[in-house]
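Working notes for the structure below.
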Number of protein chains: 2
Amino acid sequence: MNASNHTYRPEPLRMTNQRKGILEEVQKARQHLTADEVYELVRKKQPRISLSTVYRNLEKMADAGILARLELSGNQRRYDWNTDMHHHARCVRCGAVRDVPVDAGVELDLGSQAINGFAVSGFRLEFKGICEKCR
Amino acid sequence: MNASNHTYRPEPLRMTNQRKGILEEVQKARQHLTADEVYELVRKKQPRISLSTVYRNLEKMADAGILARLELSGNQRRYDWNTDMHHHARCVRCGAVRDVPVDAGVELDLGSQAINGFAVSGFRLEFKGICEKCR
DNA sequence: ATTATTGCAAAGTGTTTGCATAACA
DNA sequence: TGTTATGCAAACACTTTGCAATAAT
């Protein structure tokens with residue numbers, strides 16, 4: 001996890017059943033899942049998988065860029081199959097989280113100037129509101 | 001936090017020493033503090049205060065609008081003396097969190113149209129970058 | 001054969017809660 | 001006096017870790 005002196009070789013990721021199962025569930029979910037939601041799903045097919053394996057793999061795959069880690073403010077970590085740049089909207093009523101394409105009516109102009117002395121390298125944008133279903 | 005039927009009476013907040021001490025530390029801090037940072041500070045003056053009192057009071061005062069709760073993605077909760085609308089920037093190197101005025105080079109155009117079926121009522125914007133001190 | 005990965009249990013964070021006692025208004 | 005607030009300890013939810021056994025390359 002550390003590019004030390006000069007030869008940084010990323011750990012190869014072995015394709016274990018557990019890994020495969022976890023990846024499948026995250027990718028076919030239409031929701032952004034928490035670790036234990038993934039656990040419950042994978043468990044149906046691999047009853048002996050352990051929760052820590054799920055945690056470890058979600059983290060590892062997120063590090064590898066296979067999945068996206070989703071850390072909404074004040075909430076449990078979730079994992080997302082969509083690794084493209086996008087924002088999120090959370091329904092304050094039912095808690096559902098939906099993706100928001102970067103261009104969906106949102107115009108964010110950072111200019112090139114630093115904000116408050118910061119050299120800004122990125123930002124995250126999170127909407128809240130009421131989803132279609134809830135109104 | 002809930003205006004139910006008709007007689008909503010907010011609990012009166014008693015001004016205890018603990019409450020006062022906590023409030024003071026948060027207000028005079030130039031940082032956004034976590035509960036246990038507040039605890040350590042208040043403890044210097046009130047050695048017998050308990051951590052749960054700190055937690056309870058920070059939450060209660062945030063509910064009352066005296067302080068602002070600050071939930072940056074994937075991080076510990078912090079509390080903020082500034083209850084006005086503003087954004088935050090976090091230094092990826094030292095972890096410092098600074099306020100960003102709503103108009104600081106940021107142009108966010110929501111239009112009036114809903115995003116992805118959401119009736120958007122708010123958003124939160126969080127910058128990351130390198131702070132002045134760190135570069 | 002080598003080394004990444006697993007399952008399990010245990011430990012770690014950060015936060016909340018129940019309860020009897022104390023302090024406020 | 002009536003009720004909110006406190007301290008303590010214990011519970012909680014989520015996540016990480018140590019370790020010996022196992023599986024992938």
Side-chain angles (χ1 to χ4, degrees), chain A residues 1-2 7-26 32-64 66-67 69-79 95 97, chain B residues 1 7-26 32-64 66-67 69-80 95 97:
Chain A
M1 205 92 332
N2 188 332
T7 36
Y8 171 60
R9 184 166 38 86
E11 273 182 11
L13 283 198
R14 294 183 179 174
M15 214 16 103
T16 61
N17 282 338
Q18 291 87 330
R19 197 105 81 199
K20 207 179 306 174
I22 291 167
L23 186 55
E24 263 174 37
E25 293 302 337
V26 174
H32 307 81
L33 304 174
T34 61
D36 57 85
E37 286 166 348
V38 175
Y39 175 57
E40 290 306 333
L41 290 169
V42 180
R43 212 138 78 107
K44 291 179 186 158
K45 293 169 183 167
Q46 305 186 32
R48 297 194 45 78
I49 197 173
S50 84
L51 181 55
S52 49
T53 296
V54 174
Y55 269 103
R56 271 190 288 231
N57 278 311
L58 289 171
E59 283 303 293
K60 195 155 269 194
M61 291 192 281
D63 285 345
I66 301 171
L67 300 176
R69 210 181 266 105
L70 185 57
E71 313 203 299
L72 296 190
S73 57
N75 267 261
Q76 214 172 330
R77 196 131 78 205
R78 290 176 182 274
Y79 296 86
V97 175
Chain B
M1 201 83 340
T7 35
Y8 171 60
R9 182 167 39 86
E11 271 183 14
L13 282 198
R14 294 183 179 173
M15 217 11 108
T16 61
N17 282 338
Q18 291 88 329
R19 196 104 83 199
K20 208 179 305 176
I22 291 166
L23 186 54
E24 263 174 38
E25 293 301 337
V26 174
H32 307 80
L33 304 174
T34 60
D36 57 84
E37 286 166 350
V38 174
Y39 175 56
E40 290 306 333
L41 290 169
V42 179
R43 213 139 78 106
K44 291 179 184 157
K45 293 169 183 168
Q46 305 186 33
R48 298 195 43 76
I49 197 174
S50 83
L51 181 55
S52 50
T53 297
V54 174
Y55 269 103
R56 271 189 288 232
N57 279 311
L58 288 171
E59 283 303 293
K60 196 155 269 194
M61 290 191 282
D63 285 346
I66 301 171
L67 299 176
R69 210 181 266 107
L70 184 58
E71 314 203 302
L72 297 189
S73 57
N75 267 260
Q76 217 171 328
R77 196 131 78 203
R78 290 175 182 275
Y79 296 86
D80 191 339
V97 176

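In what follows, every chain begins at residue 1, and chains take the letters A, B, ... in the order their sequences are listed. This one's a predicted model, so the numbers in the text were calculated from it and none came from an experiment.
- Side chain Arg14(B) to base dT4(D): a donor-acceptor pair is found below 3.5 Å.
- Here the P atom of nucleotide dG7(C) and the CG atom of Asn17(A) are 10 Å apart, to the nearest Å.
- For Arg48(B) and dC8(D), the shortest distance from a side-chain N or O to OP1 or OP2 is below 4.0 Å.
- Comparing dG14(C), dG7(C), dC8(D) by their nearest atom to the side chain of Arg56(B) picks out dC8(D).
- For the OP1/OP2 pair of dT16(C) and a distance below 4.0 Å, the side-chain nitrogens and oxygens of Arg77(B) include at least one atom meeting the criterion.
- Where Thr34(A) and Asn57(B) meet DNA chain D, the nucleotide closest to each residue was compared, and Asn57(B) sits on the side nearer the 5' end.
- Atom OH of Tyr39(B) is separated from atom P of dG7(D) by 9 Å (rounded to the nearest Å).
- Comparing Gln76(B) and Ile22(A) by the nucleotide of DNA chain C that holds the closest heavy atom to each, the one mapping nearer the 5' end is Ile22(A).
- A search for side chain to side chain contact (heavy atoms under 4.5 Å, CB included) contacts involving Leu33(A) returns Ala29(A), Gln31(A), Glu37(A), Val38(A), Leu41(A), not counting sequence neighbours.
- One interatomic measurement links the two molecules: CG of Asn75(A) to P of dT15(C), which rounds to 13 Å at whole-angstrom precision.
- Counting only heavy atoms from C-beta outward, the side chains of Leu13(A) and Ile66(A) approach each other to under 4.5 Å.
- The CD atom of Glu25(A) sits 4.5 Å away from the NZ atom of Lys45(A) when rounded to the nearest 0.5 Å.
- With hydrogens and angles ignored, a donor-acceptor pair under 3.5 angstrom links the side chain of Ser52(A) to the base of dC8(C).
- When distances are taken from the side chain of Glu59(A) to each of dT16(D), dT6(C), dG18(C), the shortest belongs to dT16(D).
- Here CE of Met61(B) is found 5.0 Å from CD1 of Ile22(B). Values are rounded to the nearest 0.5 Å.
- The distance from atom CZ of Arg43(B) to atom P of dC8(D) is 10 Å, rounded to the nearest whole Å.
- Of the candidates dT16(C), dG7(C), dG7(D), the closest approach to any side-chain atom of Ser50(A) belongs to dG7(C).
- Applying side-chain hydrogen bond (donor to acceptor under 3.5 Å, both in side chains) to Tyr79(A) and the options His32(A), Arg69(A), Glu59(A) leaves one that passes, Glu59(A).
- The CD atom of Glu37(A) sits 11 Å away from the P atom of dT15(D) (whole-angstrom rounding).
- Across dC8(C), dT15(D), dG14(C), the shortest atom-to-atom separation from the side chain of Leu51(A) is found for dT15(D).
- The distance from atom NZ of Lys60(A) to atom P of dA24(D) is 15 Å, rounded to the nearest whole Å.
- Thr16(B) has no side-chain polar atom (N or O) that falls below the 4.0 Å cut-off from OP1 or OP2 of dA23(C).
- The distance between atom OH of Tyr55(A) and atom P of dG12(C), rounded to the nearest whole Å, is 18 Å.
- Following rounding to the nearest Å, Gln18(A) (CD) and dT22(D) (P) show an atom-to-atom distance of 14 Å.
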